[in-house]
Amino acid sequence: MGRTREAGCVAAGMVIGAGACYCVYRLTWGKDENEKLWDDEEEEEEEEEESCSDKPETGGKTEKGVKTNVGVGAGPQDDSKPKADVKVGQENDPGVKIEAHPESQGEGGLEAKAKALFKILKEQASAKAGRGIRFANISGTRTLSSGLPCPGGRGGGCHPGRSGARARSRASGKAKRKNRSKITKAPATAWPVRRGKFNFPYKIDDILSAPDLQKVLNILERTNDPFTQEVALVTLGNNAAYSFNQNAIRELGGVPIIAKLIKTRDPIIREKTYNALNNLSVNSENQGKIKTYISQVCDDTMICRLDSAVQMAGLRLLTNMTVTNHYQHLLSYSFPDFFALLFLGNHFTKIQTMKLIINFTENPAMTRELVSCKVPSELISLFNKEWDREILLNILTLFENINDNIKSEGLASSRKEFSRSSLFFLFKESGVCVKKIRALANHKDLVVKVKVLKVLTKL
């Protein structure tokens, strides 16, 4: 019996070592295995169960992080039965401790213990595969107190926040695992996305003929769907970039159809409307049609959100409409708003607003109304050298044009007409503006230096 006992000890050590490796594998690498590997494992375990079905059931408890009750349909483990702690094969795995019933100790000694341990490990794997009662399994050699939740799932895991959900997900068995791959996650909360189901006849970058433009205008006139309106406006705006289509859209009565969408509350639709009208306004005949809506565009541009895309599109349209002197008088009431926007806006808003004001300064007839409007005193900060070249060149051009117009119109002798908060006082009487310009003579940018010298020679 000596060799038999030695063989039993070796077998028990191998089984314990294999069990420990299996648990460590499940803890580290097993949690990300795909479903196919699990199905193959289930088939192998079914074959092992059939071959070992005649073996007696054994109840046991392992503290390799796993607590198991063996037997299908078995009730809760009875803690009143006496148990003996038996340590087996500590040379191979000192962290493994086996609790077995005392009845199993007398049946063949270590051989019976090895068989019982092998049976326990096999039943544990069967429980994982859904062939027996499922229990919350903890892989590895950790020991958790009975008061803490036991995370379940493949390879265990010790995240307490996820333990309950994982344990419940294991209780549904194989069917839930297969259905889990079919479940799609709900999309994260986001801003509403424009979606529309419609058959728009053209691409937005298609160059259309007059009949096709008529179809797009008919769609735009009849639809109330924001998505369709946006696509139609972009299509018309792209076609309005070509001179032959600028005339065609006007002749088809497209300007009023497009301009009616200025009143919409949707900022995206208003932006696309301004862009389409901006491309159409390059044509002087189209400007005669658009002038009807220029005051409405100006009001909306001033009250919409600061530095928004709608505001930038509106400023571009107003700039195009004031390139000539024909319609500038329609916007003279908004001069204080333009200078306030020049001070409050960001870099791009400042540049676009200065381009608009420069259009007015190039018309001497608008000088009196321009220099008499109230402006914020902080406007003088635009002459600081910290600004980039484009802003400095624009503000210097604005000052140069106003200074020339004051001389040509003879307004220097009527300085009493203007208040201390007027543009006339800020640019001409205070002297602060001239000091700021002279300080720019040492600017590091050569183009700015040349512009400063040109302005100073006219003072």
Side-chain angles (χ1 to χ4, degrees), residues 202 204-208 210 212-224 226-305 307-331 333-334 337-338 341 348-349 351-353 355-357 359-360:
Y202 310 104
I204 59 175
D205 55 352
D206 287 345
I207 302 176
L208 306 180
D212 295 329
L213 290 172
Q214 183 66 68
K215 291 181 181 179
V216 177
L217 289 171
N218 291 339
I219 293 174
L220 182 61
E221 187 175 17
R222 295 172 184 174
T223 185
N224 291 321
F227 188 81
T228 308
Q229 290 175 340
E230 181 181 353
V231 175
L233 287 169
V234 173
T235 304
L236 292 171
N238 289 339
N239 279 269
Y242 302 94
S243 58
F244 54 88
N245 276 338
Q246 292 169 1
N247 294 325
I249 293 173
R250 182 188 69 254
E251 292 169 358
L252 293 171
V255 174
I257 295 175
I258 296 172
K260 74 174 184 179
L261 295 175
I262 296 174
K263 299 178 181 179
T264 185
R265 299 181 61 184
D266 191 332
I268 296 179
I269 299 301
R270 296 208 310 277
E271 178 198 353
K272 305 307 179 187
T273 300
Y274 293 156
N275 289 338
L277 292 175
N278 182 43
N279 288 346
L280 288 171
S281 67
V282 176
N283 186 296
S284 59
E285 295 183 36
N286 287 342
Q287 286 189 359
K289 298 286 185 180
I290 299 173
K291 71 176 182 179
T292 308
Y293 313 98
I294 190 172
S295 297
Q296 188 176 351
V297 173
C298 183
D299 294 341
D300 181 57
T301 302
M302 293 301 106
I303 65 175
C304 69
R305 187 168 58 86
D307 303 327
S308 63
V310 180
Q311 190 171 71
M312 288 298 297
L315 287 172
R316 285 192 294 267
L317 175 56
L318 295 176
T319 303
N320 268 0
M321 289 294 296
T322 55
V323 169
T324 62
N325 301 338
H326 302 305
Y327 312 111
Q328 290 181 354
H329 64 280
L330 299 175
L331 299 177
Y333 71 95
S334 295
D337 297 327
F338 293 152
L341 191 60
F348 302 103
T349 303
I351 292 175
Q352 193 62 50
T353 305
K355 290 179 179 179
L356 174 60
I357 298 175
N359 286 346
F360 292 105

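Just the heavy atoms: all of them, side chains too, but no hydrogens, waters or symmetry mates, feed the values below. Numbers for residues simply follow the sequence, beginning at 1.
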Q: If a pair satisfies salt bridge (Lys or Arg N to Asp or Glu O under 4.0 Å) and one of its residues is in residues 240-261, list it, with sequence neighbours excluded.
A: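 Counting only pairs at least two positions apart or across chains, the salt bridge (Lys or Arg N to Asp or Glu O under 4.0 Å) contacts touching residues 240-261 are Arg250-Glu285.
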
Q: Taking side chain to side chain contact (heavy atoms under 4.5 Å, CB included) as the test, write out the residues that go with Leu252, two or more places apart.
A: Leu213, Gln214, Leu217

Q: Among all residues two or more places apart in sequence or in another chain, which pass the side-chain hydrogen bond (donor to acceptor under 3.5 Å, both in side chains) test with Thr349?
A: Asp307, Asn346

Q: Tell me which pairs pass salt bridge (Lys or Arg N to Asp or Glu O under 4.0 Å) where either residue lies in residues 236-245, with sequence neighbours left out.
A: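 Those involving residues 236-245 do not exist here.
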
Q: Kindly write out the residues that satisfy salt bridge (charged side-chain N to carboxylate O under 4.0 Å, His left out) with Asp337, not counting sequence neighbours, or none if the list is empty.
A: none

Q: Under the salt bridge (Lys or Arg N to Asp or Glu O under 4.0 Å) definition, can you give me all pairs with a residue in residues 287-296, not counting sequence neighbours?
A: none

Q: May I have all residue pairs that pass ring-ring contact (aromatic ring centres under 6.0 Å, His included) and include part of residues 309-331, sequence neighbours excluded?
A: none

Q: Quick one: which residue pairs count as a ring-ring contact (aromatic ring centres under 6.0 Å, His included) with a foot in residues 247-293, not counting sequence neighbours?
A: none

Q: Name all residues meeting the side chain to side chain contact (heavy atoms under 4.5 Å, CB included) criterion together with Asn325; count only those two or more places apart in sequence or in a different chain, and write none if there are none.
A: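 Listed in chain order: Gln328, Asn363.
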
Q: Suppose the criterion is salt bridge (Lys or Arg N to Asp or Glu O under 4.0 Å): which pairs have a residue in residues 311-324, not counting sequence neighbours?
A: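 Found none.
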
Q: I'd like to check the side chain to side chain contact (heavy atoms under 4.5 Å, CB included) partners of Ser308; sequence neighbours left out, ordered by chain and number.
A: Cys304, Arg305, Val310, Gln311

Q: Go through the structure and list residues passing ring pair (Phe, Tyr, Trp, His ring centres under 6.0 Å) with Tyr242, not counting sequence neighbours.
A: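 Applying ring pair (Phe, Tyr, Trp, His ring centres under 6.0 Å) to Tyr242 gives Phe244.
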
